[in-house]
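Since the structure comes first, as structure tokens, the remarks are kept for the end.
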Amino acid sequence: MTEQHPDASSGSAGRVSARRRSEEVYWTLRKEIVDGVLRPNAPLVEDEIAARLGVSRTPVRESMQRLMADGLIRSQRRRWVVHEYTQEEVAHLYEVRAGLEAQAARLAALRATPEERETIAGWRERMTSPTADSLCDRVSSNDAFHDSITAASGNRRLLEMIRANRLFHFNKRIAALYSAEEIALSSRQHGDLITAVCEGDADRAGQTAREHTEYSLEVILRKLF
């Protein structure tokens, strides 16, 4: 057996720790941008972010490069700013999501286990309340609800692709734009989606998921552009 120098183990642990910090910074900033906490065109100062997150500038700098590759930030006059999506960019993102979400729902209806169907059914009350008072809870639960359906598809690659395409989605800023009638319709769509998946109706599940995503895009384009 080859003897390992004590410093080798320490160095390996340090690299793992550095990668972990970089991942944590990246996902923290990504969530803040996608959730609308960091607004479009907001400046991103590396020193300030490092101090706020309690890290060095290195993981922040690495995260900025990844966020730029995602299309979430851009370099403007030698500084980082949050990217502001155009109408066309938002439409293209939702067109991709519509196809992915529809396929995920269709597969979930075909493949979900009894336990997964029970989990999906358990979201009904939270995701179908038609009142404006439920919006805060809806925003915080929306991704987990849709992830539960995608996870039931049995296709991990599909789940990863859907998560990666959440660059512009339902958050507090978007939720505040919904009228009472729009909230009610979105709630009915959620209910129909839950029913279709739990009853194993693949065609209906896929169509409902597509209609729900396309309706979300319609509201966003009407209210923001």
So how far is it from Asn155 CG to Thr150 OG1, rounded to the nearest 0.5 Å?
9.5 Å
For Pro43, does its backbone N or O pair with a side-chain atom of Arg79 as donor and acceptor, under 3.5 Å?
no
Compare all side-chain heavy atoms of Ser148 with those of Trp123 and state whether any distance is below 4.5 angstrom.
yes
For His190 and His146, run side-chain contact (heavy atoms from CB on, under 4.5 Å): C-alpha distance rounded to whole Å, both residues' side-chain angles, the deciding distance at 0.1 Å, then the answer.
CA-CA 10 Å; His190 280 157; His146 286 288; 3.6 Å; yes
Would you name the heavy atoms of Asn165 and Leu100 that are closest together and state the gap between them?
ND2-CD1, 3.8 Å
Closest heavy-atom pair and its distance - Ala209, Ala102
CB-CA, 3.9 Å
Can you tell if the side chain of Arg210 reaches within under 4.5 Å of the side chain of Glu214, non-hydrogen atoms only?
yes
Determine yes or no for a side-chain-to-main-chain donor-acceptor pair under 3.5 angstrom, with Thr119 supplying the side chain and Glu115 the backbone.
yes
Using side-chain contact (heavy atoms from CB on, under 4.5 Å), reason through Arg204 and Thr195 one step at a time and then give a plain yes or no.
CA-CA 9 Å; Arg204 182 182 171 196; Thr195 298; 3.9 Å; yes
In terms of hydrophobic clusters joined by side-chain contacts under 4.5 Å, are Phe145 and Leu159 together?
no
Nearest heavy-atom neighbours spanning Ala105 and Ile149:
CA-CG2, 3.9 Å
Are the side chains of Leu193 and His212 in contact, using a 4.5 Å heavy-atom criterion?
no
Side chains of Ser179 and Glu182: donor-acceptor distance under 3.5 Å anywhere?
yes
Quick one: are Ser216 and Tyr178 in side-chain contact, heavy atoms under 4.5 Å?
yes
Going by chain and number, the hydrophobic cluster around Leu110 (ILVMFWY, side chain to side chain under 4.5 Å) further includes none
When clusters are formed by joining ILVMFWY residues with side-chain heavy atoms under 4.5 Å apart, either directly or through shared neighbours, do Leu67 and Trp27 land in the same one?
yes
Do Ile33 and Val37 sit in the same hydrophobic cluster, where Ile, Leu, Val, Met, Phe, Trp and Tyr count as joined when their side-chain heavy atoms come under 4.5 Å apart?
no
Please determine whether side-chain contact (heavy atoms from CB on, under 4.5 Å) holds for the pair Tyr94 and Thr213, giving the CA-CA distance in whole Å, both sets of side-chain angles, and the decisive distance to 0.1 Å.
CA-CA 7 Å; Tyr94 270 78; Thr213 305; 3.8 Å; yes
Donor on one side chain, acceptor on other, Asp70 and Tyr26, under 3.5 Å
yes
Note: Arg57-Glu48 ion pair, threshold 4.0 Å (strictly below)
no
Side-chain (Ser153) to main-chain (Ala104) donor-acceptor, under 3.5 angstrom:
no
Any side-chain heavy atom of Val219 within less than 4.5 Å of one from Arg222?
yes
Can a donor-acceptor pair be found, under 3.5 Å and without considering hydrogens, that links the side chain of Arg106 to the backbone of Ala202?
no
Is there a salt bridge (charged side-chain N to carboxylate O under 4.0 Å, His left out) between Arg52 and Glu32 once you walk through the steps?
CA-CA 13 Å; Arg52 175 166 67 88; Glu32 290 178 348; 2.9 Å; yes
Is the closest basic N to carboxylate O distance between Asp147 and Arg163 below 4.0 Å?
yes
So, Glu89 side chain and Thr86 main chain: donor-acceptor pair closer than 3.5 Å or not?
yes
Find the distance between CZ (Arg97) and CG (Leu167) and round it off to the nearest 0.5 Å.
9.5 Å
Between Arg21 and Ser17, do the side chains contain an N or O donor and an N or O acceptor separated by less than 3.5 Å?
yes
When you measure from the side chain of Ser22 to the backbone of Ala18, do you find a donor-acceptor pair of N or O atoms at a distance under 3.5 Å?
no
Decide yes or no for Met68 and Arg74: does some side-chain heavy atom of the first lie under 4.5 Å from some side-chain heavy atom of the second?
no
Note: Arg66-Glu23 ion pair, threshold 4.0 Å (strictly below)
yes
Please check if atom NZ in Lys31 has more than 12 non-hydrogen atoms from other residues, nucleotides or ligands closer than 6.0 Å.
no
Are Ser187 and Met127 close enough that some pair of their side-chain heavy atoms sits under 4.5 Å apart?
no
Does Glu118 have more than 12 heavy atoms from other residues, nucleotides or ligands lying within 6.0 Å of its CD?
no
Assess whether side-chain contact (heavy atoms from CB on, under 4.5 Å) is satisfied between Val82 and Asn41, documenting all intermediate values.
CA-CA 5 Å; Val82 178; Asn41 297 311; over 6 Å; no
Heavy-atom check, side chain of Phe168 versus side chain of Ile174, under 4.5 Å
yes
Could you walk me through whether Tyr85 and His83 pass ring-ring contact (aromatic ring centres under 6.0 Å, His included), step by step?
CA-CA 6 Å; Tyr85 284 97; His83 179 64; 4.8 Å; yes
Would Ile162 end up clustered with Ile194 when hydrophobic side chains under 4.5 Å apart are linked, directly or stepwise?
no
Can Glu24 and Arg20 be said to form a salt bridge (charged side-chain N to carboxylate O under 4.0 Å, His left out), step by step?
CA-CA 6 Å; Glu24 290 172 351; Arg20 184 179 298 116; 5.2 Å; no
From Glu88 CD over to Leu221 CG, what is the distance, rounded to the nearest 0.5 angstrom?
11.5 Å
When rounded to the nearest 0.5 Å, the distance separating OG of Ser141 from CZ of Arg126 is 4.0 Å
Looking only at heavy atoms, the pair that brings Ala196 and Ala109 closest together is O-CB, 4.1 Å
Do Leu72 and Met64 belong to the same hydrophobic cluster, where Ile, Leu, Val, Met, Phe, Trp and Tyr are linked whenever their side-chain heavy atoms lie under 4.5 Å apart, directly or via other members?
yes
